[in-house]
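Notes for the one structure printed next.
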Amino acid sequence: MTQTAKPSVRHPGLKTNKLGLTQRDYEGTQSTLCAGCGHDSITAAIVQAFFELNIAPHRVAKLSGIGCSSKTPTYFLSEAHGFNSLHGRMPSIATGANAANGKLAYIGVSGDGDSLSIGLGQFCHAMRRNVNMLYMLENNGVYGLTKGQFSASADVGTKAKRGEENQMPPIDPASMALTLGASFVARSFSGDRKQLVPLIKAGLTHRGFALVDIISPCVTFNDHEGSTKSYAHTREHGHEVVETDFVPLLHEIQVEQDHGASTAVTMHDGSVVRFRSVDEHYDPTDRDAAYAHLKKLQAQGEVATGLLFIEPMSRDLHELENTVDEPLVEVPFEKLCPGSGVLAELQSHWR
Amino acid sequence: MTQTAKPSVRHPGLKTNKLGLTQRDYEGTQSTLCAGCGHDSITAAIVQAFFELNIAPHRVAKLSGIGCSSKTPTYFLSEAHGFNSLHGRMPSIATGANAANGKLAYIGVSGDGDSLSIGLGQFCHAMRRNVNMLYMLENNGVYGLTKGQFSASADVGTKAKRGEENQMPPIDPASMALTLGASFVARSFSGDRKQLVPLIKAGLTHRGFALVDIISPCVTFNDHEGSTKSYAHTREHGHEVVETDFVPLLHEIQVEQDHGASTAVTMHDGSVVRFRSVDEHYDPTDRDAAYAHLKKLQAQGEVATGLLFIEPMSRDLHELENTVDEPLVEVPFEKLCPGSGVLAELQSHWR
Amino acid sequence: MDQNSRDRTNDFVVKIATVNGTGSASANGMLMQAMFRMGVPVSGKNVFPSNIQGLPTWYEIRVNKHGHLARSPNVDLMVAMNPKTYEQDIAEVRPGDAVLFDSSWPLEEELFRADVLFLGIPLSHMCVENFEGARARILMKNIAYVGAVAALLSIDLEVLEEMLEEKFSAKQHLMDSNNVAIRLGYDYAKEHFDGLLRVRIEAMDANRDSVLMTGNMAAALGCVYAGATVGAWYPITPATSLMDAFRGFCADLRKDPETGKNLYCIIQAEDELAAIGMVLGAGWMGARAFTPTSGAGLSLMNEFLGLAYYAEIPAVIFDVQRAGPSTGMPTRTQQGDFFTVAFASHGDTKHVLLFPGDPTECFYFAVKAFDLAERFQTPVFVVSDLDIGMNDWVCEKLEWDDAFVPDRGKVLSAEDLQEMDHFYRYLDVDGDGIPARSLPGVDPKGAYFTRGSGHDRFGRYTEDGDLYQDVVDRIARKIEGAAEALPPPEVRLANDATVGLVTVGSCRGAVLEAIELLAEDGMALDFLRITGFPFSSAVEEFLLSHDLNIVVEQNRDGQLKRLLMLETAVPKKKLASVLDYRGSPLGADVVVQGVRNQLGLVAVEAG
Amino acid sequence: MDQNSRDRTNDFVVKIATVNGTGSASANGMLMQAMFRMGVPVSGKNVFPSNIQGLPTWYEIRVNKHGHLARSPNVDLMVAMNPKTYEQDIAEVRPGDAVLFDSSWPLEEELFRADVLFLGIPLSHMCVENFEGARARILMKNIAYVGAVAALLSIDLEVLEEMLEEKFSAKQHLMDSNNVAIRLGYDYAKEHFDGLLRVRIEAMDANRDSVLMTGNMAAALGCVYAGATVGAWYPITPATSLMDAFRGFCADLRKDPETGKNLYCIIQAEDELAAIGMVLGAGWMGARAFTPTSGAGLSLMNEFLGLAYYAEIPAVIFDVQRAGPSTGMPTRTQQGDFFTVAFASHGDTKHVLLFPGDPTECFYFAVKAFDLAERFQTPVFVVSDLDIGMNDWVCEKLEWDDAFVPDRGKVLSAEDLQEMDHFYRYLDVDGDGIPARSLPGVDPKGAYFTRGSGHDRFGRYTEDGDLYQDVVDRIARKIEGAAEALPPPEVRLANDATVGLVTVGSCRGAVLEAIELLAEDGMALDFLRITGFPFSSAVEEFLLSHDLNIVVEQNRDGQLKRLLMLETAVPKKKLASVLDYRGSPLGADVVVQGVRNQLGLVAVEAG
Ligand SMILES: Cc1ncc(C[n+]2csc(CCOP(=O)(O)OP(=O)(O)O)c2C)c(N)n1
Ligand SMILES: Cc1ncc(C[n+]2csc(CCOP(=O)(O)OP(=O)(O)O)c2C)c(N)n1
Ligand code: SF4
Ligand code: SF4
Ligand SMILES: [Mg+2]
Ligand SMILES: [Mg+2]
């Protein structure tokens with residue numbers, strides 16, 4: 001249970017965090033994704049966020065489904081236990097894992113196919129149960145790994161590489177999450193590390209289900225003109241509604257005070273998420289208003305980004321289920337097995 | 001393909017419809033549900049609506065999943081083909097059936113367990129595809145057939161018969177449908193036949209997926225104090241936002257003109273749905289406003305009922321897929337099989 | 001033997017026909033329980049419809065002093081309380097037997113039979129006179145017929161009254177009305193029909209070491225004792241009551257004494273795909289986790305079961321079988337899932353199965369299942385059925401050894417890991433096919449990647465055929481190795497028998513009874529009950545040592561026989577089948593007839 | 001035979017190692033196609049990783065004048081274009097063989113081997129000199145090595161140029177650069193290495209009646225010709241290209257000439273559960289509907305497959321198998337789903353299977369599958385694999401009889417229904433186990449209720465055991481009846497052979513080649529290729545008439561052998577296995593070795 005030194009050689013010049021680890025220590029194996037794939041940028045943001053949050057890698061459980069996006073947990077935190085599960089089924093694995101051991105940090109990585117088609121039910125129900133995890137939906141509008149079919153997040157009229165137009169209306173994970181009562185809903189862009197890193201940190205710190213929907217262009221199958229999930233389109237139509245800053249509990253340095261209309265939300269663990277609304281009056285703690293604003297932007301062809309909604313004191317799975325504070329996996333057998341006396345007593349009634 | 005006389009004896013006194021059928025001809029076998037079950041009232045409303053719409057029963061496909069609710073297709077339209085499928089899987093059966101033969105009237109009956117738990121994915125995706133069908137979600141907040149477990153529509157704090165309180169936040173099918181872009185969203189109450197019948201008629205006439213979410217109390221497991229899906233609670237907290245009247249295309253009699261702030265929407269086939277807003281300015285053709293209003297009422301503990309939203313000219317599955325007008329099942333084989341010449345020609349390129 | 005000349009004291013069947021949702025189930029249970037308390041071997045089988053209220057339902061109580069408690073079709077007393085089924089119920093009664101009915105309304109002329117004793121009691125009228133309110137009258141009518149049956153069979157009234165006292169001690173008015181109702185039926189029957197029946201009950205002392213349990217209760221308790229902490233499920237008949245019981249036990253036995261918080265987590269999943277996923281997630285974390293399900297649920301778990309097999313994740317699945325295929329008859333029993341569980345999921349797989357024969361074994365096998373799942377790092381199925389799972393069985397009292405230590409298998413602690421040069425998740429270091437596993441969060445050195453895609457013995461992703469083969473071959477070896485770790489089969493040998501009867505699960509009682517009946521006719525048969533899969537060498541030896549093995553099971557396709565064909569060296573011609581898959585618990589009559597047919601014998605009583 | 005003394009004209013293997021996502025697949029295909037056009041028997045096997053870009057990939061071309069086109073490990077020319085795999089690629093080359101590599105950068109010293117011919121061409125340099133832009137240079141390098149290989153093997157340059165012309169006729173600049181690139185490689189190789197190789201190609205006339213097809217293309221075309229109108233699917237390798245092809249064919253051949261609208265409906269479902277549900281919905285309506293899938297998808301379809309079986313709904317499922325279990329190796333071939341498809345879903349089930357042996361059969365069996373599905377009112381599986389489905393095969397040209405009328409089975413028209421007294425959906429009137437079916441919307445008299453719950457022969461819901469049994473017994477009879485309606489097995493008899501080689505699907509070529517090789521060593525073997533399940537009597541006869549039947553298949557557990565054990569009368573000891581499940585198309589070498597081992601023969605070339 002103790003954090004130990006990494007066997008690998010340290011570059012003395014590399015910056016270390018509170019645990020004495022370098023950012024390198026938060027990396028994984030070499031990516032096998034296409035050069036330029038949005039997912040790789042997200043991986044880099046994840047590495048940075050975990051490093052900066054001083055989380056011991058082996059106290060992290062990283063999970064995914066199946067897809068290019070779902071491959072990425074191999075590419076970060078090689079000292080975390082990983083689970084590359086089945087297509088669309090990561091939420092249930094994460095739920096059971098979290099039920100058994102709520103004291104690890106959970107990060108799930110999924111794709112739009114994985115979460116919105118085959119996995120839609122599990123995705124929604126994990127949100128409903130408010131499983132304490134960061135859920136990264138790497139959203140590229142296509143099925144990358146099976147070579148570019150439209151996913152359920154593809155917009156109407158989006159053109160495939162070979163020219164067909166998508167006709168089916170899209171499922172927007174962010175507005176769906178708001179509707180379903182999710183306690184943390186954010187959207188970002190793989191190309192915007194500055195925005196993404198604090199969102200990941202806030203999501204990891206949030207006690208409950210934290211959805212980060214990230215537009216993550218697929219350079220091979222969906223980065224052309226006519227796609228609404230391309231780099232160009234996202235850069236042009238992404239619209240930050242709120243700037244977010246994450247201030248960890250033990251942050252020694254005073255955060256800059258020059259925020260404009262900045263508001264702050266205190267998280268379960270005492271860390272602070274600080275907002276500066278870009279869109280006037282945007283209030284990321286008002287679910288219905290957030291929804292309405294999202295929809296308004298959407299009608300204008302704009303994609304709202306930032307921490308769209310947060311309910312920092314929501315009750316997570318363990319609170320809903322009233323489980324003990326200790327992880328269930330650590331409860332000794334003696335506390336679990338009632339023993340022979342109880343058995344005899346019980347059976348005295350079964351006559 | 002022709003409508004023929006029913007062999008059963010006619011009571012000469014019974015009212016007949018345009019097809020010469022009596023309401024009896026729209027019934028099915030004897031219900032085996034509990035006496036007083038909300039689902040039986042819905043069955044009665046379905047019988048009346050089909051009768052009044054003059055639909056030939058054998059031109060109807062009635063489908064369901066598994067559950068008490070899903071048993072009800074046996075209890076209406078005994079001359080329609082029925083399909084009692086698998087738990088949560090009716091939407092896919094209906095989609096395939098509709099793809100093959102878009103010229104029948106489709107009615108699917110489901111429960112809250114069937115649609116919102118095991119079937120959530122299929123339910124959402126059938127909506128997304130705008131499959132032309134009436135989808136009756138008989139919502140009682142519990143799993144009736146498996147004896148009263150909470151379903152995903154149970155409200156937080158709802159008490160089970162034996163006292164446990166539900167902790168999990170509910171999924172509201174109506175607001176979810178609005179978010180997902182459903183083209184017809186209604187909510188009603190099994191105890192309000194007057195409201196329900198026109199909604200069923202409008203839903204059947206709507207070209208596309210018509211969701212009617214119907215609070216349908218389970219007298220055996222969820223009709224007690226502390227339940228928000230009981231008769232008493234629904235009577236008290238149901239809130240009609242709009243009154244709906246369905247005027248079929250060929251309605252000879254002039255509809256009464258004394259509606260208050262009445263608006264009308266013309267359907268694909270020329271019939272008219274007429275509204276009178278109960279809540280001021282409620283506009284059932286404005287999706288986002290409808291959503292906001294629903295949520296506002298919900299926050300007050302009220303359940304909005306009526307035709308919440310309609311987009312009468314939405315494109316259904318067949319339009320999205322650009323299929324021929326003729327049902328695919330009726331296309332003669334000669335039109336489907338390209339023949340030997342084409343085969344030879346094709347193969348000349350495979351060298 | 002002639003039915004009429006037998007002494008039928010403590011040897012008879014009562015069948016009660018009612019309507020479901022009217023409270024008759026608990027009344028019937030009371031009757032059965034009273035007989036149990038009189039020390040007489042008894043069993044009760046509930047035949048119920050797949051709906052909630054208003055349809056015909058039956059309850060069959062068999063009393064047998066010799067302890068033969070399989071279902072028997074020979075009804076001695078029909079308690080016909082449902083006019084909708086009068087016709088079939090009365091037709092079922094054999095000449096000389098008796099029908100108890102509610103004579104508040106006259107029986108239709110054409111239902112009467114001259115060769116049957118009709119015992120009419122105006123139960124409804126009596127209840128209308130004595131009780132207020134429709135619901136109470138319906139409920140008390142049930143209690144009244146219990147009283148009447150007690151009188152007819154000489155059931156000790158005190159026993160019944162004592163049971164009412166236990167049940168209603170806190171609710172005096174209920175106790176009063178129940179006592180009145182019991183007496184109504186009892187007194188009427190005593191007065192009018194005393195001594196009319198040829199059957200009666202007499203106190204014995206056969207149940208001293210027995211308890212009344214359903215298999216699902218016992219299995220749930222086994223999960224508690226095994227230390228299971230995570231249960232995930234989706235409601236489905238007949239598995240639902242297992243999780244209900246687990247929840248009940250946990251609420252009583254698994255609260256943290258200090259905080260009152262739960263030392264368990266039960267999740268009602270959104271469906272069975274999620275339920276098994278949660279079990280795997282928890283198992284991966286190191287918790288003992290399980291899910292109860294039945295047919296349709298199993299089918300939905302298929303994909304995940306293959307992942308668990310290949311990624312080597314412990315999991316316990318209770319398959320409480322019901323009649324398939326598809327939705328089938330959800331409230332009827334069958335043993336039709338053997339192939340599904342043995343080879344669940346696409347690709348090459350093989351799973352470890354346990355087959356309890358009664359509720360007692362459900363308890364012990366549940367505990368065993370968790371040990372096996374962790375030891376072999378694979379899903380383990382406890383395969384029971386509706387009959388075992390939902391009916392009340394009189395069975396051996398459970399024992400617990402407080403020295404029990406769960407077998408966690410090769411789980412590495414932080415210290416273990418620290419001592420290793422390298423940890424490789426899928427490396428078999430000691431030749432038993434079982435690699436060591438680490439748990440998340442324990443130590444950085446234990447980190448590895450769990451996946452269902454191709455991997456080598458070091459846990460690395462691979463698409464190399466040889467490295468891939470290395471791992472799947474080892475897994476096959478590992479699973480074969482489980483055979484001898486499973487509970488041994490039950491074997492009972494006659495003298496010099498050349499034919500064996502082979503069976504499984506809830507068929508046990510009927511087969512043992514059939515063996516006795518056939519022995520009375522001079523036919524010696526050996527007995528083998530399969531308790532686990534892969535089959536142990538004892539199974540193969542038994543089969544090889546007999547000229548013929550007749551496999552008795554409850555499915556259409558002879559699935560157990562086919563598994564034996566596949567997985568033992570026994571020649572196919574040494575295997576034959578007796579099958580009954582109509583959804584009822586098996587009766588000895590079916591087995592006797594089936595064996596006779598197989599052996600080419602004309603039935604003695606035939607023609 | 002000694003490798004070096006053979007005449008290896010038109011008898012060799014070229015293996016090309018590249019990086020995926022760089023356009024090499026189409027270059028390799030060109031090379032293979034050119035050889036095909038030269039009239040020489042040839043096959044190409046694509047070995048690709050489960051990712052999109054940047055990982056090692058190989059293409060193996062075998063040329064064999066005798067028509068032996070199974071995979072062969074004996075590489076005569078290694079085209080090593082991927083420095084990342086140089087080491088293993090060069091190690092694979094046998095003494096005397098040759099390596100072609102890109103000498104733009106020097107090969108590391110330690111990679112060189114004295115016993116191997118190293119042919120270096122500065123391909124990258126030449127491309128940098130001749131082309132602009134990174135992408136073009138990468139693509140043209142592929143074409144350049146095609147040119148080089150053409151020179152080395154004496155492939156007709158005109159054939160290649162003609163192909164470029166066909167491909168790029170509309171895009172002059174592409175044609176130009178391709179022509180340049182081809183010449184770069186060709187000229188360089190001709191100049192430096194002419195005549196160095198021991199292998200070469202020579203035009204023949206073996207391909208006059210052949211075409212180049214993948215199995216998925218052919219199957220898709222079969223669906224078009226069978227009149228399938230509804231296709232529902234969820235993308236999964238290696239089944240995806242089947243639906244892609246169907247979509248392509250339909251776009252060309254299935255537009256209504258007047259309206260331009262679609263005479264088909266293809267739905268990309270949200271998952272495989274929905275895909276098969278849509279197929280059943282469409283089948284219930286009377287459409288011919290299908291879904292292509294692979295392992296994981298099949299597992300997810302389990303519950304619905306049981307419904308289809310029991311409710312008797314026609315459906316066609318293409319299972320293009322890949323290496324399991326679980327996600328396994330998604331881009332590798334295997335035959336591991338036989339048990340899954342044969343007994344899919346919980347409860348007693350058995351399904352009808354067709355096993356095509358090559359793309360040609362994929363076409364005919366696809367057509368057949370729809371006929372069988374409608375005739376027997378049940379799901380029919382066309383079970384192929386990645387090798388058949390995704391690789392280009394030289395195979396027999398397809399023929400179509402314009403007189404073909406689809407066999408819709410017992411589908412009642414409105415007139416038929418009108419003439420009947422009563423229509424009962426599940427009533428077998430003529431003893432073949434197949435009831436008549438009506439379609440929704442056709443006539444009120446045809447109305448019935450389709451359900452997966454217990455029903456009697458009249459289609460009514462039932463929980464009565466006998467009525468239930470009546471129906472499931474009939475269904476069992478019905479499925480048995482399908483055995484003789486399936487395509488006959490392929491049988492090839494040697495003289496007086498006592499041992500049979502039994503195989504299935506894509507193993508065909510390797511087994512036939514092995515039989516020839518073993519015959520050269522004086523070992524006579526008969527050949528049986530299974531084409532359907534349930535097995536026809538011809539299968540049983542073959543097996544019974546041999547002392548030993550060695551079943552060659554590509555899975556770990558000998559699934560086909562086990563099916564034969566279960567479903568024929570053949571004694572188990574007459575069955576043996578040769579298995580290869582490492583994910584590559586089967587080679588004759590594996591079969592020869594396996595057969596030798598089985599027969600206890602020491603390999604001739606051993607030690
Ligand atoms: C049950 C199942 N069906 C199909 C597949 C094939 N498959 C692999 S990844 C994938 C889609 C991935 O899309 P997405 O989640 O959007 O990830 P991306 O590759 O775009 O990052 C599919 C359909 C599978 N692995 N399992
Ligand atoms: C795969 C599967 N799992 C579980 C079941 C058991 N089951 C039957 S009905 C039902 C729930 C029904 O609830 P709902 O849809 O709300 O219908 P209601 O009975 O309340 O009308 C369940 C869980 C099943 N039939 N199939
Ligand atoms: S195919 Fe698309 S999603 Fe997949 S790795 Fe390449 S760019 Fe990324
Ligand atoms: S249990 Fe509930 S839902 Fe089912 S029939 Fe009875 S009242 Fe209706
Ligand atoms: Mg994607
Ligand atoms: Mg319900």
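Only this structure's heavy atoms are used, side chains among them; waters, hydrogens and symmetry mates stay out. Worth saying up front: this structure is predicted, and the values here are computed from it rather than measured. Residue numbers begin at 1 in each chain, while the letters A, B, ... track the order of the sequences.
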Check your understanding: Which heavy atom of Arg562(C) sits nearest a heavy atom of Glu567(D), and at what distance?
Key -> NH2-OE2, 2.5 Å
Review point. Would Arg556(C) and Asp473(D) pass as an ion pair if we require N to O under 4.0 Å?
Key: no
Practice item. Identify the two heavy atoms, one from His346(C) and one from Ser299(D), that lie closest to each other, and give their separation to 0.1 Å. Key: ND1-OG, 2.8 Å
Check your understanding: What class does the angle between the rings of Phe343(D) and Phe339(C) fall in, given that below 30° is parallel, 30 to 60° is tilted and above 60° is perpendicular?
Key -> perpendicular
Check your understanding: Looking only at atom types and distance, does a side-chain atom of Lys572(C) sit under 3.5 Å from a main-chain N or O of Lys572(D), one as donor and one as acceptor?
Key -> no
**Study point:** Expected output: side-chain Gln334(C) to main-chain Gly347(D) donor-acceptor under 3.5 Å
**Key:** no
**Study point:** Test item: Thr349(D) and Thr340(C) side chains (from C-beta on) under 4.5 Å apart, heavy atoms
**Key:** no
Revision key, fill the gap. Smallest heavy-atom separation, Ala296(C) atom then Glu303(D) atom, equals CB-OE2, 3.4 Å
Check your understanding: For Glu87(C), does the CD atom sit with more than 12 other heavy atoms under 6.0 Å from it, leaving out its own atoms?
Key -> no
Review point. Leu307(D) and Ser326(C): which non-hydrogen atoms are nearest, and at how many Å?
Key: CA-OG, 3.4 Å
Practice item. Please lay out, stage by stage, how Arg332(C) and Glu463(D) fare under the test side-chain contact (heavy atoms from CB on, under 4.5 Å). Key: CA-CA 8 Å; Arg332(C) 296 288 186 267; Glu463(D) 291 173 0; 3.5 Å; yes
Practice item. Kindly say whether Asp557(D) contributes a backbone atom to a donor-acceptor pair with the side chain of Asp348(C) at under 3.5 angstrom? Key: yes
Practice item. Over all heavy atoms of both residues, which pair between Gly328(D) and Tyr310(C) is shortest? Give the atoms and the distance, please. Key: CA-CE2, 4.3 Å
Exercise for review: Please report the shortest heavy-atom distance between Tyr468(D) and Gly324(C), naming the atom on each side.
Suggested key: OH-O, 2.5 Å
